[in-house]
Amino acid sequence: MPRILVPVITFGPVLAEHFLGGPGSVLDLGTSAVFGLPRTYGLNILCNAVVPACTLVYLAFGVVSGARKKYKIEYPVMFPEPKKDGDDAWMFLCAQRAHQQALEWITPFSMMSLFGAMTA
């Protein structure tokens, strides 16, 4: 066993108790006095605003734009007609559909997550 892991294993439970709860914890998991929400609800808002936005930007500008250039699909064509499975138009449609499915599911997922975190 490498020597570098010994302190992590030795002090792991102590640090976990310190940061995740227990007596003398840094993180108080009580409720907010103002709204009655869990104190960690702000982390949920952050994760439902920042992470989905980054994901959608990556899918739109990284995956779909990259596929448009790679498979030579010119604007204004949004949905090219594939001749057979696996050709360039088909592969572009796969990338386009990945972005569309993310757009379709991001709102219901975020709403369920935000409401679900109220009861945590």
Side-chain angles (χ1 to χ4, degrees):
M1 186 159 103
R3 298 181 97 186
I4 191 87
L5 294 178
V6 174
V8 174
I9 292 170
T10 304
F11 297 111
V14 176
L15 290 176
E17 182 179 332
H18 179 70
F19 286 108
L20 299 177
S25 173
V26 173
L27 182 63
D28 180 12
L29 295 177
T31 58
S32 169
V34 178
F35 297 111
L37 295 172
R39 290 193 185 271
T40 57
Y41 193 73
L43 295 173
N44 192 349
I45 293 174
L46 179 71
C47 290
N48 280 296
V50 174
V51 173
C54 293
T55 302
L56 291 177
V57 167
Y58 168 72
L59 285 172
F61 296 111
V63 174
V64 177
S65 294
R68 186 176 288 278
K69 289 177 188 173
K70 181 177 179 180
Y71 301 118
K72 298 174 184 70
I73 306 296
E74 300 296 327
Y75 284 109
V77 176
M78 292 299 291
F79 301 101
E81 288 293 326
K83 305 289 188 260
K84 60 181 168 62
D85 288 354
D87 69 348
D88 288 348
W90 180 267
M91 298 305 290
F92 173 74
L93 286 175
C94 290
Q96 181 81 356
R97 188 63 195 152
H99 176 63
Q100 287 176 336
Q101 283 186 322
L103 287 174
E104 291 167 1
W105 281 100
I106 201 70
T107 303
F109 172 78
S110 293
M111 290 296 111
M112 287 186 283
S113 179
L114 290 172
F115 286 123
M118 287 182 187
T119 61

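- Closest approach of Leu93 to Pro80, counting heavy atoms only: CD1-O, 3.5 Å.
- Listed here is the closest heavy atom pair of Asn48 and Pro52: O-CG, 3.5 Å.
- A continuous path of ILVMFWY side-chain contacts below 4.5 Å connects Tyr41 to Met111, so both sit in one hydrophobic cluster.
- Here His99 contributes atom NE2 and Thr55 contributes atom OG1; the two are 11.5 Å apart, rounded to the nearest 0.5 Å.
- The cluster map of Ile, Leu, Val, Met, Phe, Trp and Tyr, joined by side-chain heavy atoms under 4.5 Å apart, puts Leu56 and Val50 in different clusters.
- If you chain together hydrophobic residues whose side chains sit under 4.5 Å apart, Trp90 and Val64 fall into the same group.
- Between Phe92 and Tyr71 the shortest heavy-atom distance is N-CD1, 3.9 Å.
- Residue Glu74 comes nearest to Arg68 through the heavy atom pair O-NH1, 3.5 Å, listed as atom of the first residue, atom of the second, then distance.
- Heavy atoms only, all atoms of each residue included: Leu59 and Ala98 are closest at CD1-O, 4.0 Å.
- Annotation: the span from Glu104 atom CD to Gln100 atom CD amounts to 6.5 Å, rounded to 0.5 Å.
- The distance from atom CG of Leu114 to atom CZ of Phe109, rounded to the nearest 0.5 Å, is 9.5 Å.
- Taking OG of Ser110 as the start and CD1 of Ile45 as the end, the distance is 11.5 Å to the nearest 0.5 Å.
- In this structure, CH2 on Trp105 lies 6.5 Å from CE on Met112, to the nearest 0.5 angstrom.
- Closest of all the heavy-atom pairs between Ile73 and Ala89 is CD1-CA, 4.4 Å.
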